[in-house]
Peer 1: 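Sending over a structure as structure tokens; questions will come in a sec.
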Amino acid sequence: MDILDLAFMQRALLAALLVGVTAPAIGTYLVQRRQALMGDGLGHVALTGVGLGFLLNDSPVWMATAVCIVGAVVMELIRWYGRTRGDIALAMLFYGGMAGGVMLMNLSDSGSSANLSSYLFGSIATVSEEDIVAICILAAFVILTTVGLRRQLFAICQDEEFARVTGLPVRLLNLLVAVTAAVTVTVAMRVVGLLLVSALMVIPVAASQQIARSFKATFALAVGIGVTVTVSGTATSYYADVPSGATIVLFAIGLFVLLTALAAPLAKRRAGKAQAAAECTLDVPGARTAADDVKV
Amino acid sequence: MEQPVISLRGATASLGGRPVLRGVDLTVRRGEVVALLGANGSGKSTAVRSIVGQVPLTGGELELFGTPRRRFRDWARVGYVPQRTTAAGGVPATVREVVSAGRLARTRFGMMRKADKEAVIGALELVGMDDRLGDSVDALSGGQHQRVLIARALAGEPELLIMDEPMAGVDLASQEVLAEALRAQVARGATVLLVLHELGPLEPLIDRAVVLRDGCVVHDGPPPEAVGQHALPGHDHVHPHAGPAAEPIRTGLLT
Ligand SMILES: Nc1ncnc2c1ncn2[C@@H]1O[C@H](COP(=O)(O)OP(=O)(O)O)[C@@H](O)[C@H]1O
Ligand SMILES: [Mg+2]
């Protein structure tokens, strides 16, 4: 029987596709401003939302979204104001979020430990009709933001101080990045799980960087890699009966290793070309050599 | 009388609880090229960053184009080149992508139109980097990197250019290119404030030099000649109370 005939697999594959697009999309900006692990922290915080959903008999996805957005806003506030104690404050937020989630799940009637682990590590068999609607809406928000505001977000992540002097509303845009990351966490939660969400925001970007030279290409290739690993990982998870989140992340790491191996000869060729160009232009009597030019 | 482009009066600012600017007066009039000089740590970057609103003033007054800084919104008129740091983004970016960010001062949330794309190319032509459009900025030398950052500031076609040590770590060839680019900006009527360590190839362009020491202005007048060989004009009279720990101004210009 074909896996596309199964309703739950259709849902799982659609969810996987959307995760494959959204996680690397926002991940590219997070990696660019060296906040690669922000998704991990938000994943911890989201568990409190899941717990609340179970306790209040409300949708865990929407509750996780709400709590995660609050967490993201608090993180941004800590970044603005909490210079010195920032690390400690973030630790409180992350571990408080995780502990709170486990506690709330435990207090609720329907929150079993099987349920808990399906949210922590992802479980494609449990993506409900209701979940998929939420995932589609949230993914649309993430895609609109990361693609529609790519020039503005690139600027604030590349050089925040410069972006502020261009007059962009940098604080608002920073907040938007954090909120978008939070939303992505809940998009990805059902397929890869809260503990592995961050891997899908970071690894495809790291893999893509091995061969891409522009931001645009890094973004596009990271999304391509993301979709490849989430869809193939989800299918594999069905056929081999292995956990989806772990499969997807291992596939992503595999692609990272592969692209790194491919990148070495590519970089060598590019370096050779650059060298040749430098030799020609510097062949002027009395001109300074490249050695005078201080490397950043 | 025409309003000065930058008017800083009695500016004080603190960083980490330590006073860094201790009553700085700095006026830059339209069309002027003013060099801000001084030893490392004398507060040059802080002064410049307070002008562009990145360091809050604890006292004094600041006006840009005759508008109090608090009410100033017209950032498209200002081009800023921050002091270069080693921090590149975590993701590769091309020369074109970085310089296009400078155009956001004009486009904001709008589309990047043909004129905007041409302005980006034009800015890169000015610094002689238009042949490197598609190259990753990580692959550039220090001097080329600095040229890209200047092109980024020029992409918005600013009336006022503020540059923090644009010549630091830049090879002589790049310095000449930058001097030429600056000359073109001045010729089209731009006003320039730049932080420098030594005047170098820019010397003929500079109308006035302001020297900072320990957060105070110790010289404001014609640029010192033959930097490093003579003390600044009026050096001995301007700060007769300088303590024994204070180093002569010329040291700052040599480093
Ligand atoms: N973020 C900061 N926190 C605390 N002190 C700072 C900070 N940045 C700069 N300073 C201090 O302020 C003084 C002036 O710095 P700066 O304006 O960068 O000097 P300059 O650009 O002239 O070298 C220095 O003593 C420096 O150590
Ligand atoms: Mg400085």
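Labels below follow one simple rule: chain letters A, B, ... track the order of the sequence lines, proteins then strands, and each chain is numbered from 1.
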Peer 1: Heavy-atom distances under 4.5 Å only: say whether A:L149 touches chain B with side chain, backbone, both or neither.
Peer 2: side chain
Peer 1: Let me know if A:T218 has heavy atoms under 4.5 Å from chain B in its side chain, its backbone, both or neither.
Peer 2: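 A:T218 touches chain B through side-chain heavy atoms alone.
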Peer 1: Could you measure the distance from the OG1 atom of A:T180 to the CD1 atom of A:I143? Nearest 0.5 Å is fine.
Peer 2: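 So the gap between those two atoms works out to 11.5 Å.
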Peer 1: Do B:E157 and B:R103 sit within salt-bridge range, that is, some charged N less than 4.0 Å from a carboxylate O?
Peer 2: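 So B:E157 pairs with B:R103 through a salt bridge.
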Peer 1: If I take atom CZ from residue A:R171 and atom CG from residue A:L77, how far apart are they, to the nearest 0.5 angstrom?
Peer 2: 9.0 Å
Peer 1: So for A:I156, is it side chain, backbone, both, or neither that comes closer than 4.5 Å to the heavy atoms of chain B?
Peer 2: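 The answer is neither part of A:I156.
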Peer 1: Between A:R164 and A:E161, does any NZ, NE, NH1 or NH2 come within less than 4.0 Å of an OD or OE carboxylate oxygen?
Peer 2: no
Peer 1: Counting heavy-atom pairs closer than 4.5 Å to chain A, which one of B:A168, B:G134, B:P92, B:G102 comes out on top?
Peer 2: B:P92
Peer 1: Measure B:R49 against the heavy atoms of chain A and call it side chain, backbone, both or neither at under 4.5 Å.
Peer 2: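 Contact with chain A involves the side chain of B:R49 alone.
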Peer 1: If you count heavy-atom pairs under 4.5 Å between each of B:A93, B:G156, B:G53, B:P158 and chain A, which one has the most?
Peer 2: B:A93
Peer 1: Does NZ or CZ of A:R150 fall inside the cone over A:F219's six-membered ring, less than 6.0 Å from its centre and within 45° of the axis?
Peer 2: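 No, cation not above the ring by the 6.0 Å, 45° rule.
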Peer 1: Which atoms of B:V98 are under 4.5 Å from chain A, going by heavy atoms: the side chain, the backbone, both sets, or neither?
Peer 2: both
Peer 1: Are there over 12 heavy-atom neighbours, none belonging to B:R113, within less than 6.0 Å of that residue's CZ?
Peer 2: no
